[in-house]
There are 2 protein chains.
Amino acid sequence: MIKCHLSRMMGERRLKISDVARETGLNRGTLTRLYHETAERVELDVLDALCTYFHCQVSDIFEFNPNPVPKGENMAP
Amino acid sequence: MIKCHLSRMMGERRLKISDVARETGLNRGTLTRLYHETAERVELDVLDALCTYFHCQVSDIFEFNPNPVPKGENMAP
DNA sequence: CACTTTTTGACCTGCAGAAGATCATTATTT
DNA sequence: AAATAATGATCTTCTGCAGGTCAAAAAGTG
């Protein structure tokens, strides 16, 4: 599965969704979906804006995990 | 800008669009758009299927290029 | 070479999901 | 406590991929 690390990247920088939305101009709903990993698609413009904003690569935001965690494990609150 | 390396990855393996479409089950139109970099969004399912198929990471397929090539340059044939 | 098969690009319609806006609830500030 | 900000949820609109088809181009075959 594809894992989105936006929440981690924001956490490391102590950023709020509203901060990123304001400073990137991206839609807050879009960021919320990426943050909570409920997004099922990504606009390349959005990915571009995030990479620019975080000065990072695509791989810092999206990671392919060939070994998804089995259900019910690693679910610490 | 976000660069898609699908054409390079396919070229290295001498794969045709129809090969990848057949073997991944992905829509040919979708692959054509990624191949020619006319796609403006990516379904995460599609990205997952491509990473699985090529045994690669997201960064092998998508790259963020903070220094896009100026118009009219590097446009060999 | 001509003929067949495969691949490709282009186009169309339907539809899934992001964009954009709004509202109620919850945090945070003052 | 009151005011402000942030968030989650929900709704409508709109963009562009999925899926299909068609004609042209490429590759394969006798």
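Note that the coordinates shown come from a computational prediction; the quantities given were computed from them, not determined experimentally.
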Checklist entry - With sequence neighbours left out, what residues match B:Arg28 under side chain to side chain donor-acceptor pair (under 3.5 Å)? => result none
Item to check | Summary of side-chain hydrogen bond (donor to acceptor under 3.5 Å, both in side chains) pairs that have at least one residue in residues 3-12 of chain B, sequence neighbours excluded | outcome: B:Lys3-B:Glu37, B:His5-B:Arg8, B:His5-B:Glu63
Checklist entry - Sequence neighbours excluded, which residues qualify as side chain to side chain donor-acceptor pair (under 3.5 Å) partners of A:Glu23? => result A:Tyr53
Item to check | CZ/B:Arg14: more than 12 non-hydrogen atoms of other groups inside 6.0 Å | outcome: no
Item to check | Atom-pair distance (OH on B:Tyr35; C1' on C:dT8), nearest Å | outcome: 10 Å
Item to check | Atom pair distance, as rounded to whole Å: NE2 in B:His36 and P in D:dC17 | outcome: 14 Å
Item to check | Shared hydrophobic cluster, A:Met1 / B:Leu44 (ILVMFWY, side-chain heavy atoms < 4.5 Å) | outcome: no
Checklist outcome for this item: The correct set of residues in residues 13-21 of chain A placing a heavy atom under 4.0 Å from DNA chain C is none
Checklist outcome for this item: Hits for salt bridge (charged side-chain N to carboxylate O under 4.0 Å, His left out) against A:Arg41, two or more places apart or cross-chain, chain-then-number order -> B:Glu43
Checklist entry - Do any of residues 40-52 of chain B sit with a heavy atom less than 4.0 Å from DNA chain D, and if so which? => result B:Glu40, B:Arg41, B:Val46
Would you tabulate the pairs of protein nitrogen or oxygen atoms and nucleotide nitrogen or oxygen atoms of nucleotides 19-24 of chain D closer than 3.5 angstrom?
residue, atom, partner, partner atom, Å
D:dG19, N7, B:Asn27, ND2, 3.3

Checklist entry - Roughly, in whole Å, what's the span from CD in B:Glu23 to P in C:dT6? => result 15 Å
Checklist entry - Who are the side chain to side chain contact (heavy atoms under 4.5 Å, CB included) partners of B:Asp60, not counting sequence neighbours? => result B:Met9, B:Cys56, B:Gln57
Item to check | Partners passing salt bridge (charged side-chain N to carboxylate O under 4.0 Å, His left out) against B:Asp19 (at least two apart in sequence or in another chain) | outcome: B:Arg22
Item to check | Identified side chain to side chain contact (heavy atoms under 4.5 Å, CB included) counterpart of A:Phe64 within the set B:Ile61, B:Thr52, B:Leu47 | outcome: B:Thr52
Checklist entry - What residues, two or more places apart in sequence or in another chain, satisfy side chain to side chain contact (heavy atoms under 4.5 Å, CB included) together with A:Ala49? => result A:Leu26
Checklist entry - Rounded to whole angstroms, how far apart are CG on B:Leu6 and C1' on D:dC17? => result 15 Å
Checklist outcome for this item: Across all chains, not counting sequence neighbours, the salt bridge (charged side-chain N to carboxylate O under 4.0 Å, His left out) partners of A:Lys16 are none
Checklist entry - D:dA6 phosphate, OP1 or OP2: any side-chain N/O from A:Arg22 under 4.0 angstrom? => result yes
